[in-house]
Peer 1: 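Dropping the structure in here first, questions after.
All values below come from the heavy atoms of this structure, side chains included, with hydrogens, waters and symmetry mates left out.
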Amino acid sequence: MRLSKYFVPTLKEVPSDATVPSHILMLRAGMVRMLSAGIYSFLPLGYKVVKKVCEIIREEMDAIGGQEFHLPALNPKEIWEETGRVEAFGDILFHIKNRDYVLAPTHEEIMTFHARNVVKSYKDMPQIWYQIQTKFRNEPRPRSGVIRGRQFLMKDSYSFDISWEALDKSYELHDKAYRKIFDRCGLKYFAVGASSGAMGGTGSEEFMVKSAAGEDTVAYCESCGYAANVEVATSKPFMRKRDSESKSVYEIHTPNVKSIDELCAFLNIEEEVCAKSRVYISNGEAVLILMQGNDEVNETKLEKVLGGNVRPAHPDELKEITGADAGSIGPIGFNGKIVADLRLKDRNNLFSGANKNDYHIGGIDLMRDVPKIQYADLRIVQSGEGCPNCDKLLEVFPAIELGHIFKLGTKYSESMKAFFLDESGKEKPIIMGSYGIGVERVIACFIEQNHDTKGIVWNKTLAPFTVHLISINPKNEKVARTCETVYNEFQQNGIDVLYDDRDASPGFKFNDADLLGMPVQVVIGEKKLKEEKVEVKIRKTDERFDVNLRELTENIRNLIETKI
RNA sequence: CGGGGCGUGGCUCAGCCCGGUUAGAGCGCCUGGUUCGGGACCAGGAGGUCGGAGGUUCAAAUCCUCUCGCCCCGACCA
């Protein structure tokens, strides 16, 4: 492709509304343009990458027996009402105004609709059906370019099996396929166990990429591979022991002392001897939660302990329940359920609020003074704490979810009456799984992981072109003629080449080439041509060397095979 | 949905607080010429209802009200 005829509007300056590297670079490299918040147009160069990712996905899905479909994005609302998901999705689901249609945010219902009409016998299974298609979700806040959009491309697949054991196989196949896909794309990723959320189901795994632009927070152990969303992550934090002697309880006047830090400074004590109080409302009942020092309450864990939803008490409720405002609440004199984090188990000589504004209490012995206390793991895990599975340390960081695999079970087959007859002629619901990959996220994550100050650094798998051919001075006849020859020869040898034949200054072309980031650059200029040589540059390493013109194609082919 | 910020040629921004010539700059674009190994130079030129609507005023990019859009933080997130 000749750059002079190719629509690649590169930008020298950073567009003002982009902040994350992948977004900035996709705009600057002329891959995408925004149409509206969370809605992006892919330009030719960007779409070429999309097609490459899709092709890898297709190959790996086909390899596990997947069959590609193409389902409508426009769906009758009544199918979605069969599973109750019109309500479940709420405002996220786009509704068509002049007919009872919705824009599909995912396709469990539609796949199940087709399955129930044709998959009637145990002999018809297993099936793996997939598609790569545009999804629509009315995200309240799209962000980070294509990472969270209102319209996006997703590979979604669905497995139909006769038993849970068979589902395990389909799930395993997807797990392996996903790893191959992400490996082939050159992504550094890891898999975490996750709660299946509103999708329903019994088991799920998320494929994540570490990134500052991520919206999930995960705890990860480099050493043993333990990885979990912080919502469910556990750790081995440092546990402070009970002092050998317990002091008796005493009240301290602490005017204007609210936070743990203020308390520590005021009394000149360590954070570890403080029991921070939080009041939650669970099933209409006030529960006091005690955490050590500045440890934060993990509400997901708390909900599991208390059963059902929890919410923090409002300030006026606090006053009514405890007699004090936030900052002066504590376990002594609190009438109600008390749950403390494991880090406080059986501890003594603790400081906490007095349930009286501007007063704290010291010398608290949880064994002696708070007899009805219950203990549970309630902390949000933090970086540097011990991995629960090995003796190394955890790292906590934000991550982007690339893909998600679920064991759905019978949620959809039962509500939509997708039944089959087993060997004994008994009617049973189909056992389903669903599996998704965000196509644009694969691209954005790759760029997040593979860029430098000058631009994108593609690998040969995803690069829109393998070689970027730069003509230094196209007005020089020999340069122009040589470039044309090389360009043709590359193409005849199956080397996908982008040829910068524009009449622009060398620096301009070099910078564009670095921005676009093709793995290999071939520079043809008058100077080196005098010795029948051209310069070859590896984008990733910035390595440059001269190659004899006559050996160029052979050399580049070797380079592609071995070095990039 | 709460908080903050922004909206001025294609892009990045200045001007706004304190209203007053013809609304500026850099980049990009067009024409001609020179140049050609890391975002070249000279000369000439095109391009703006200052997001939109209403109001105040002799006078509004500038002040006020409403509205739309975009970004960031939070809430939410299959």
Side-chain angles (χ1 to χ4, degrees), chain A residues 9-20 23-24 27-28 30 33-39 80 83-93 104-109 135-145 147-150 152 154 156 194-201 204 206 213-217 229 231 299 311-312 400-401 403-406 408 411-412 434-438 453-455 470-480 500 502-515 521-530 533-535 537 542 544 546:
Chain A
T10 55
L11 301 172
K12 189 150 72 173
E13 285 172 288
V14 176
S16 59
D17 50 7
T19 53
V20 306
H23 187 199
I24 291 170
L27 288 168
R28 286 194 55 212
R33 285 292 184 268
M34 187 181 79
L35 184 63
S36 174
I39 307 178
W80 285 81
T83 55
R85 287 174 107 200
V86 172
E87 204 184 1
F89 269 106
D91 198 42
I92 295 289
L93 187 66
T106 174
H107 276 84
E108 280 78 8
E109 277 78 358
K135 305 293 185 225
F136 298 88
R137 295 184 190 183
N138 185 24
E139 295 291 347
R141 170 138 109 85
R143 72 191 95 174
S144 309
I147 290 173
R148 186 168 205 80
R150 294 207 168 112
F152 58 96
M154 178 157 107
D156 48 324
S195 60
S196 22
M199 292 296 285
S204 81
E206 289 174 336
E215 304 186 86
D216 292 274
T217 309
N229 199 301
E231 285 177 8
E299 295 183 3
R311 65 166 176 86
I400 296 169
E401 180 189 339
H404 203 157
I405 56 179
F406 295 92
L408 286 177
K411 179 182 155 97
Y412 296 93
S434 98
Y435 317 87
I437 292 176
T453 52
K454 308 224 77 176
I470 297 166
S471 118
I472 288 293
N473 178 10
K475 287 205 176 133
N476 177 297
E477 205 183 311
K478 188 176 181 192
V479 169
D500 193 347
R502 296 174 298 180
D503 183 18
S505 69
F508 186 90
K509 292 184 171 187
F510 289 141
N511 281 300
D512 256 4
D514 287 344
L515 174 62
Q521 294 173 13
V522 173
V523 184
I524 298 183
E526 204 179 344
K527 210 167 74 189
K528 292 193 172 156
L529 220 44
K530 281 180 185 152
K533 284 184 178 189
V534 300
E535 183 178 290
K537 170 176 150 178
D542 202 33
R544 298 147 201 243
D546 294 344

Peer 1: May I have the distance from A:E13 (atom CD) to B:rA25 (atom C1'), rounded to whole angstrom?
Peer 2: 12 Å
Peer 1: Whole angstrom is fine here: how far is it from CD1 in A:I470 over to C1' in B:rG37?
Peer 2: 10 Å
Peer 1: Distance check, C1' atoms only: B:rC63 and B:rU57, in whole angstrom units.
Peer 2: 10 Å
Peer 1: Check step by step if side-chain contact (heavy atoms from CB on, under 4.5 Å) holds for A:E401 and A:E215.
Peer 2: CA-CA 8 Å; A:E401 180 189 339; A:E215 304 186 86; over 6 Å; no
Peer 1: Expressed in whole Å, how much space separates the C1' atoms belonging to B:rU21 and B:rA61?
Peer 2: 16 Å
Peer 1: Between B:rC71, B:rC76, B:rG38, which nucleotide has the shortest distance from any of its atoms to the side chain of A:M34?
Peer 2: B:rC71
Peer 1: Please measure how far the C1' atom in B:rG20 lies from the corresponding atom in B:rC6, and state the result in whole Å.
Peer 2: 27 Å
Peer 1: With rounding to whole Å, what would you report as the distance between B:rC36 and B:rU22 at their P atoms?
Peer 2: 46 Å
Peer 1: Using the side-chain heavy atoms of A:N511, tell me which of these nucleotides is nearest: B:rC11, B:rG38, B:rG37.
Peer 2: B:rG38
Peer 1: Determine the Euclidean distance between corresponding P atoms of B:rC70 and B:rG54; express it in Å to zero decimal places.
Peer 2: 23 Å
Peer 1: Please report, rounded to the nearest Å, how far the P atom of B:rG38 is from the CG atom of A:D514.
Peer 2: 13 Å
Peer 1: Short question: side chain of A:K509, backbone of A:S471 - any donor-acceptor pair under 3.5 Å?
Peer 2: yes
Peer 1: What pairs with A:T10 under side chain to side chain donor-acceptor pair (under 3.5 Å), at least two apart in sequence or on another chain?
Peer 2: A:D512
Peer 1: Treating primed atoms plus P, OP1 and OP2 as sugar-phosphate and everything else as base, which nucleotides of nucleotides 29-35 of chain B get B, S or - for protein heavy atoms under 4.0 Å?
Peer 2: ------B
Peer 1: Taking the side chain of A:K12 as its heavy atoms from C-beta onward, which of B:rG39, B:rC11, B:rG37 lies nearest to it?
Peer 2: B:rG39
Peer 1: Checking A:E108 against A:K411 for the salt bridge (Lys or Arg N to Asp or Glu O under 4.0 Å) test, could you report, in this order, the C-alpha distance in whole Å, the side-chain angles of both residues, the deciding distance, and whether it holds?
Peer 2: CA-CA 10 Å; A:E108 280 78 8; A:K411 179 182 155 97; over 6 Å; no
Peer 1: Output the rounded distance in Å from CD1 (A:I92) to P (B:rC77).
Peer 2: 9 Å
Peer 1: If only atom types and distance count, is the side chain of A:R28 paired as donor or acceptor with the main-chain N or O of A:L11 below 3.5 Å?
Peer 2: yes
Peer 1: Between A:K527 and A:I472, is the side-chain contact (heavy atoms from CB on, under 4.5 Å) condition met? List the steps.
Peer 2: CA-CA 10 Å; A:K527 210 167 74 189; A:I472 288 293; over 6 Å; no
Peer 1: Of the listed nucleotides (B:rG38, B:rG39, B:rC70), which one gets closest to any side-chain atom of A:F508?
Peer 2: B:rG39
Peer 1: Starting the side chain at C-beta, find the nucleotide from B:rG37, B:rA75, B:rC71 nearest to A:T19.
Peer 2: B:rC71
Peer 1: Between B:rC66 and B:rG48, how far is it from one P atom to the other, in whole Å?
Peer 2: 32 Å
Peer 1: Determine whether a donor-acceptor pair (N or O, by modelled atom type, separation under 3.5 Å) exists between the side chain of A:R33 and the backbone of A:L27.
Peer 2: yes
Peer 1: For the base of B:rG37, is there a side-chain donor-acceptor partner from A:E526 under 3.5 Å away?
Peer 2: no
Peer 1: In whole angstrom, give me the gap between the C1' atoms of B:rA53 and B:rG47.
Peer 2: 26 Å
Peer 1: Considering just the side-chain nitrogens and oxygens of A:R141, establish if one lies under 4.0 Å of OP1 or OP2 belonging to B:rC73.
Peer 2: yes
Peer 1: Between B:rC27, B:rG37, B:rC73, which one does the side chain of A:R143 approach most closely?
Peer 2: B:rC73
Peer 1: Would you mind telling me which of B:rG37, B:rA75, B:rC71 lies closest to the side-chain atoms of A:P140?
Peer 2: B:rA75
Peer 1: Roughly how far apart, to the nearest Å, are B:rG69 and B:rG32 at atom P?
Peer 2: 44 Å
